[in-house]
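All ligand and atom numbering here is 1-based and tracks the order in the structure. A quick note: this is a predicted structure, and the numbers were derived from the prediction, not measured. Starting from 1, each residue takes its place in the sequence as its number.
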Amino acid sequence: MIRKLLIANRGEIACRIIKTARRLGVATVAVYSDADADALHVQMADEAVHLGPAPARDSYLDIDKVLGAAKQTGSDAIHPGYGFLSENAEFCRACDSAGIIFVGPPTGAIEAMGSKSAAKRIMEEANVPLVPGYHGTNQNEDLLEGHANRIGYPVLLKAAAGGGGKGMRRVDRADEFHEALAAAKREAMNAFGDDIMLLERYVVSPRHVEIQVFCDQQGNGVYLFERDCSVQRRHQKVVEEAPAPGMTPELRARMGEAALRAAHAIGYVGAGTVEFLLDASGAFYFMEMNTRLQVEHPVTEMITDQDLVAWQLSVAAGDTLPMSQDELQINGHAMEVRIYAEDPDNDFLPATGVLVRHQPPAEGEGVRVDTGVQTGDEISVHYDPMIAKLICHGRTRKEALAKLDRALRDYQIAGVRHNIEFLRRVINHQAFASGCISTHFIEDYEAEVLHQEQTLTPLKCAAIAGYLQQREERDLRNCAPQRDPFSPWHNGDNWRNALAASRTQTVDYRGQHAQIRFVAEGDNLRWTCDALPEEQNSGEIRLLGRDLMLVDGRRMSFSAVDTRDGGAVFIDGTQVEFKLLPPDIGESNDHAHGLDAPMNGTIISLLVEPGSTVEKDQPLLVMEAMKMEHTLRAPAAGTVQQFFCAEGELVDGGSLLVDFAGEEQ
Ligand code: MV4
């Protein structure tokens with residue numbers, strides 16, 4: 001029995017492990033770096049130990065510090081999660097020496113999978129199907145070329161020390177072999193300090209199907225079926241699902257049994273995953289074995305109704321497996337997407353920043369969210385930029401897919417670029433929906449899944465108008481009464497009319513600058529946008545309560561939040577994030593109506609009496625903004641009808657300050 005568990009990880013997986021430990025009555029110890037002092041996993045654990053500075057090598061990867069934390073807190077066991085120290089044989093051995101249970105396989109099993117060629121020799125021995133190829137120790141170049149010719153082109157060169165797609169090179173023709181080999185060896189030497197290569201026949205358009213296995217210390221093993229992780233982008237998984245579309249019970253059993261032979265061949269204990277390539281003919285080939293709990297384990301949990309972390313803790317404590325193969329069943333279908341802080345418009349570069357809103361969809365009814373962040377947290381450069389995993393379960397694949405799309409529509413993230421729209425385009429693609437997936441899916445449909453709507457639309461303008469109105473109402477409620485109860489802006493019923501009389505705001509939407517002008521029309525606000533074609537450049541909105549807005553008479557869900565330099569609006573499953581720009585003086589002022597504040601600032605003085613006739617360019621008022629004084633002048637000869645501001649008042653950029661009537665021409 002494990003009484004106290006240290007979780008040597010952070011983020012969603014640390015939180016996920018803590019939840020199960022808590023449910024089982026196991027005490028939990030979190031570890032954290034400087035960057036994670038306020039992180040969710042620290043808040044959730046019973047105790048927390050500080051490891052060191054933010055860089056992982058000084059904190060989560062520091063074996064001595066992690067073991068020190070376990071000893072200091074009297075922890076019996078360490079769960080390494082995934083990544084960090086989870087497949088580090090030295091760490092596993094150090095836990096053994098310290099008498100602390102490592103929740104994972106024995107050191108020998110980790111080491112056996114360290115070299116791809118050694119692993120393939122073990123698998124060949126265990127009768128696990130391999131891609132036809134060569135994985136010998138003799139690296140004579142002519143011998144390798146002879147093998148390439150025997151295997152048949154295209155062949156794939158793989159670095160024995162590589163993994164996860166690193167150090168691979170495809171060779172299409174015999175006359176390219178030597179040059180490709182030399183280049184692959186150089187790369188492997190640079191990346192892994194080892195240039196032993198193996199050769200494989202290149203499998204065209206394969207699927208990535210992996211089998212979840214579990215073994216106990218008594219030598220029993222079961223497989224918890226498969227996951228299809230074919231939809232990847234540069235070896236980063238994008239969608240994972242279980243069961244694999246098109247899988248038959250017969251193929252499932254053959255793959256499951258092959259995976260168990262692989263696990264037993266290396267004396268495996270605990271949760272492991274055996275990855276296979278599956279070709280179009282239904283033939284499957286061993287790729288590698290991951291000796292850890294994987295990111296995508298929740299899809300397996302959802303189709304089997306099992307808690308794999310609970311299984312890991314039982315097995316680590318020396319118990320036999322909780323279930324036999326016959327007792328395990330597949331129920332329905334589950335699908336997971338990984339929500340990342342990254343910019344799909346900029347080659348998926350990791351994004352950083354503060355999550356001004358992180359509001360996942362409601363859980364339950366087959367919707368699960370695994371996350372380690374909360375609103376206000378920062379996504380930093382130090383760690384993996386995954387924000388959350390969203391997993392949905394349905395009776396059928398179609399139902400799981402529909403729930404996933406619904407949940408993605410409801411997911412609200414603002415302040416940091418993310419891939420939610422990209423994920424929706426992937427899962428709603430006709431080929432994906434019909435189960436036609438392979439490892440080339442993203443490349444094959446790149447134009448469709450990468451295309452992002454970049455321009456303003458009437459709905460987006462309505463959303464921005466709604467944001468601006470809500471913000472203004474809030475500002476007035478918050479600040480007006482204590483400052484100037486007599487201001488025409490702030491007196492009772494009148495204020496909404498006053499603020500909406502007519503004003504202009506310049507916005508930046510994905511690099512597109514546009515001016516949105518507002519005019520009150522009864523209870524509604526009419527917006528006009530100069531960036532839209534004439535037949536759709538205007539519309540009406542009305543805010544109704546907190547999360548609802550009328551858009552041209554249609555009720556739509558609506559929710560807005562301030563960001564660092566603008567706002568984000570979630571409307572009817574669409575996110576609109578924009579910057580607010582100070583309007584250019586002159587350009588934004590509609591001379592027929594009056595003068596708008598060019599930026600946020602304070603009114604210093606009003607220079608003429610209301611009702612005065614003025615010359616063109618005559619100074620009308622002085623305001624201060626960003627430590628500079630600005631004089632607003634009459635745009636033409638005319639009459640100053642009224643000021644909508646008073647001396648000393650704080651005004652927002654774009655708000656109407658002077659009601660001005662130009663002279664009749
Ligand atoms: C292959 C292959 C085709 N033929 N091996 C990529 C990751 C590494 N674990 C193995 N990988 C591949 N090995 C042969 N003989 C194609 C891939 C591959 C791939 C595999 C799984 C998921 C996505 C992939 C994307 C590109 C290539």
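- Among protein heavy atoms, atom 20 (C) of ligand 1 sits closest to Leu277 CD2, 3.8 Å.
- In the vicinity of Arg201, heavy-atom distances shorter than 4.0 Å reach the ligand 1 atoms 4 (N), 14 (C), 15 (N).
- Results of the side-chain hydrogen bond (donor to acceptor under 3.5 Å, both in side chains) test with Glu301 over His393, Arg368, Gln306 single out Arg368 as the only residue that passes.
- Residue Val203 holds the heavy atom nearest to atom 4 (N) of ligand 1 of all those in Leu130, Leu199, Leu198, Val203.
- Around the CD atom of Glu327, the shell of radius 6.0 Å holds more than 12 heavy atoms that belong to other residues, nucleotides or ligands.
- The protein atom (non-hydrogen) at minimum distance from atom 8 (C) of ligand 1 is Gly165 N, 3.7 Å.
- Atom numbering of ligand 1 starts at 1 in the shown order; those under 4.0 Å from a heavy atom of His208 are 21 (C), 22 (C).
- The aromatic ring centroids of Phe348 and Phe422 lie less than 6.0 Å from each other.
- Atom 10 (C) of ligand 1 has as its closest protein heavy atom Met287 SD, 3.2 Å.
- Residue contacts with ligand 1: Lys158 is included, with a non-hydrogen atom under 4.0 Å away.
- Of all atoms in ligand 1, numbered sequentially from 1 with element shown, those under 4.0 Å from a heavy atom of Glu200 are 5 (N), 14 (C), 15 (N).
- Between Phe84 and Tyr383, the angle of the ring planes goes over 60°, which puts this pair in the perpendicular group of the 30/60° scheme.
- The ring of Phe441 has its center closer than 6.0 angstrom to the ring center of His429.
- Looking only at heavy atoms of the protein, atom 17 (C) of ligand 1 is closest to Met168 CE, 4.2 Å.
- Cation-pi contact between Arg292 and Phe102: absent, since separation from the ring centre below 6.0 Å together with deviation from the ring axis within 45° is not met.
- Not one N or O on the side chain of Asn331 forms a donor-acceptor pair closer than 3.5 Å with the backbone of Thr304.
- Among all non-hydrogen protein atoms, the one lying nearest atom 22 (C) of ligand 1 is Thr439 CG2, 3.2 Å.
- Protein heavy atom nearest atom 16 (C) of ligand 1, with residue, atom name and distance: Pro206 CG, 4.2 Å.
- Checked against a 3.5 angstrom limit, the closest N/O atoms of His235 and ligand 1 fall outside it.
- Of all protein heavy atoms, the one closest to atom 9 (N) of ligand 1 is Glu288 OE1, 3.0 Å.
- Counted by atom type alone, Tyr285 and Asp279 present one or more donor-acceptor pairs between their side chains at under 3.5 Å.
- For ligand 1, the polar-atom distance check finds no N/O of Gln232 at less than 3.5 Å from any of the ligand's N/O atoms.
- Between the side chain of Asn149 and the backbone N or O of Gly152, no donor-acceptor pair lies under 3.5 Å.
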